Amino acid sequence: MTSLNRPGPALDTVRDFIRSYVTECREDAERKGCLVTNTATELLPRDAKAARRVDIAFGELEAALAGTLSRAQQEGDLAPDKDPRALARFLVTFIQGIRVVGKTDDARRLHETVDQALSLLA
């Protein structure tokens with residue numbers, strides 16, 4: 001998540017951050033996936049301790065994205081009528097979808113859906 005704090009245009013940073021998830025999935029030859037996503041899909045809702053850890057992880061990612069999206073808004077690259085927190089929440093949910101679909105071997109699907117999701121930031 002530290003990559004969300006890099007210098008330069010904040011909106012480009014968010015776009016690159018989201019695209020990096022596709023790259024990461026494609027480079028995972030064994031398609032192991034993400035520990036947080038795997039925990040969420042395999043242990044929730046029956047494991048309260050796991051649920052709390054997943055909630056913390058999602059919350060941290062959401063806060064980091066919301067901060068960067070707010071910066072994009074201040075820079076004039078994100079429309080003033082967009083809600084950075086709501087967009088961040090959407091992107092966290094979307095990222096989890098990338099993680100699940102990333103276990104397949106369908107790069108085209110991943111790239112097309114990322115392009116579509118990022119169009120919401122325009």
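Model, not experiment: these values are computed from the prediction.
The closest side-chain heavy-atom distance from V101 to R109 is below 4.5 Å. By the 4.5 Å heavy-atom criterion applied to side chains, Q96 and F58 are counted as neighbours. Residues L91 and V14 are in side-chain contact: their nearest non-hydrogen atoms beyond the backbone lie under 4.5 Å apart. In this structure, I95 and L65 have side chains that are in contact, with non-hydrogen atoms separated by less than 4.5 Å. Using a 4.5 Å cut-off on side-chain heavy atoms (C-beta onward), H111 and V114 make no contact. No side-chain heavy atom of V22 sits less than 4.5 Å from a side-chain heavy atom of E27. Looking only at side-chain heavy atoms (C-beta outward), I98 and C25 come within less than 4.5 Å of each other.
Minimum heavy-atom separation, R26 to A107: NE-CB, 3.3 Å. Closest approach of P9 and D77 over heavy atoms only: CB-OD2, 4.3 Å. Considering every non-hydrogen atom in both L11 and L121, the closest pair reads CD2-O, 3.7 Å. Across every non-hydrogen atom of E62 and A88, the tightest pair is O-CB, 3.4 Å. Closest of all the heavy-atom pairs between P84 and L69 is O-CD1, 3.6 Å. Smallest separation of non-hydrogen atoms from A10 and A72: CB-N, 3.5 Å.
By the rule that hydrophobic residues join a cluster once side-chain heavy atoms approach within less than 4.5 Å of another member, L61 and V36 end up as members of one cluster. Hydrophobic clustering (side-chain heavy atoms under 4.5 Å, transitive across Ile, Leu, Val, Met, Phe, Trp, Tyr) groups L44 together with V92. By the rule that hydrophobic residues join a cluster once side-chain heavy atoms approach within less than 4.5 Å of another member, I18 and V100 end up as members of separate clusters.
With hydrogens and angles ignored, the 3.5 Å screen pairs no side-chain donor or acceptor of T39 with any backbone N or O of A50. When atom types are taken as modelled, the side chain of K82 and the backbone of L120 share a donor-acceptor pair closer than 3.5 angstrom. N38 places a side-chain N or O within donor-acceptor distance of the main-chain N or O of C34, the cut-off being under 3.5 Å.
Rounded to the nearest 0.5 Å, atoms CZ (R85) and CG (D83) are 7.5 Å apart. Atom OG1 of T113 sits about 9.0 Å away from atom CD of Q116, to the nearest 0.5 Å. Rounded to the nearest 0.5 Å, atoms CG (D16) and CG (L118) are 9.5 Å apart. Taken from CG in D81 to CD in Q73, the straight-line distance is 8.5 Å, to the nearest 0.5 Å. Atom CZ in R19 sits 9.0 Å away from atom CG in D12 (nearest 0.5 Å).
Atom CZ of R15 has more than 12 neighbouring heavy atoms from other residues, nucleotides or ligands inside a 6.0 Å radius.
Between F94 and F90, the ring planes lie parallel to each other; the angle is under 30°, not in the 30° to 60° tilted range.
Applying the salt bridge (Lys or Arg N to Asp or Glu O under 4.0 Å) definition to pairs two or more places apart or across chains, those involving residues 30-45 are D28-K32, R31-D105.
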